[in-house]
Chemist: 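Sharing a structure below in structure tokens format, with a few things to ask.
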Amino acid sequence: MEVIVVKNYEEMSRKAASVIEEKVNAEPDCVLGLATGGTPLGTYEQLIEGHRSRGIDYSGVTTFNLDEYVGLPRDHSQSYHTFMQEQLFSHIPFLNTYIPNGEAEDLDKECREYEALLDKEGPANIQLLGIGSNGHIGFNEPGASFEAGTHVEKLDQVTREANARFFPSLESVPTEAVTMGIASILKSEEILLLASGANKQEAIRRLLKGEMDEMFPASALYNHKHVTLIVDEEAYGKDV
Ligand code: F6R
């Protein structure tokens, strides 16, 4: 795992965006794996800026999102469909954008089909990831199998509490999500893991110990040959 320590959130976002832009310029029909949450917001802002001011072209690019809440209508203000529409897709035209359908009647079928689509159109050339304070990646919570493909995952209490900031109450945070599994994530050619802020310090410290443990999902990334962690000083816990 290559570790790049940067000053702050903005530098992290710029660095991540520049890696993505370089890939899109070199391979205009590439596949990007995308995340939601607070971490990638600055990266998406940079991508939008690069598209507007430098004409970076995404019209041949396909995207796959990691996850979606189960049971939230697609047009709910906190669904990941809405998040992606607001933060990226309404600003940059892509060839295809895929997000799991958390409203599917048959969720197991939805998971199988999403994984098959990823196999057909993918793998992602670059997969963008954030990390939960409990070490989750996508919504693979502690204990999730490292062998799993796309599946329905029960959300940890810690995750629901962290995401309650976006909902009117803790009770209204969904209890399950459809998520790419760790095996789906590891299919990507290259993985960019981003972490910013003091609340990620403990997770980053544990990750960098380098011990693989299914109770700490991000440690599965040690099974991949091309992972870059871009981490800011607060999350890294030391001065650069
Ligand atoms: C989001 C996702 C999650 C987040 C993680 C960190 O699609 O899969 O793993 O990356 O929960 O969330 P933030 O960035 O809000 O701290």
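Both ligands and their constituent atoms are indexed starting at 1 by order of listing. Since the model is a prediction, treat every value here as computed from it, not as a measurement.
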Chemist: Heavy-atom distances under 4.0 Å are what count here, so tell me which part of Thr159 touches ligand 1: side chain, backbone, both or neither.
Modeler: neither

Chemist: Do the charged groups of Lys200 and Asp232 touch, with an N to O distance under 4.0 Å?
Modeler: no

Chemist: In terms of side-chain geometry, is the basic nitrogen of Glu49 or Arg14 positioned less than 4.0 Å from the acidic oxygen of its partner?
Modeler: no

Chemist: Just which atoms of ligand 1 are under 4.0 Å from any heavy atom in Gly130?
Modeler: 10 (O)

Chemist: Under 3.5 Å between any N/O of Gly38 and any N/O of ligand 1: does that happen in this structure?
Modeler: yes

Chemist: Of all the atoms in ligand 1, which lie at a distance below 4.0 Å from a heavy atom belonging to Arg165?
Modeler: 15 (O)

Chemist: Under a 4.0 angstrom heavy-atom cut-off, which atoms of ligand 1 come close to His136?
Modeler: 3 (C), 5 (C), 9 (O), 11 (O)

Chemist: Can you list the ligand 1 atoms lying under 4.0 Å from a non-hydrogen atom of Leu66?
Modeler: 8 (O)

Chemist: Quick one: which ligand 1 atoms are inside 4.0 Å of a heavy atom on Lys200?
Modeler: 6 (C), 13 (P), 16 (O)

Chemist: Ion pair present between Glu202 and Arg206, side-chain N to carboxylate O less than 4.0 angstrom?
Modeler: no

Chemist: Just by distance, no angles: are the side chains of Glu141 and Thr159 close enough, under 3.5 Å, to form a donor-acceptor pair?
Modeler: yes

Chemist: Look at the aromatic rings of Tyr69 and Tyr80 and report parallel, tilted or perpendicular, splitting at 30° and 60°.
Modeler: tilted

Chemist: Side chain, backbone, both or neither: which part of Met180 comes within less than 4.0 Å of ligand 1 when only heavy atoms are counted?
Modeler: neither

Chemist: Could you tell me whether Asp67 and ligand 1 have an N or O pair separated by under 3.5 Å?
Modeler: yes

Chemist: Where do Thr36 and Glu68 land on the side chain to side chain contact (heavy atoms under 4.5 Å, CB included) test, with the steps shown first?
Modeler: CA-CA 9 Å; Thr36 58; Glu68 176 59 287; over 6 Å; no

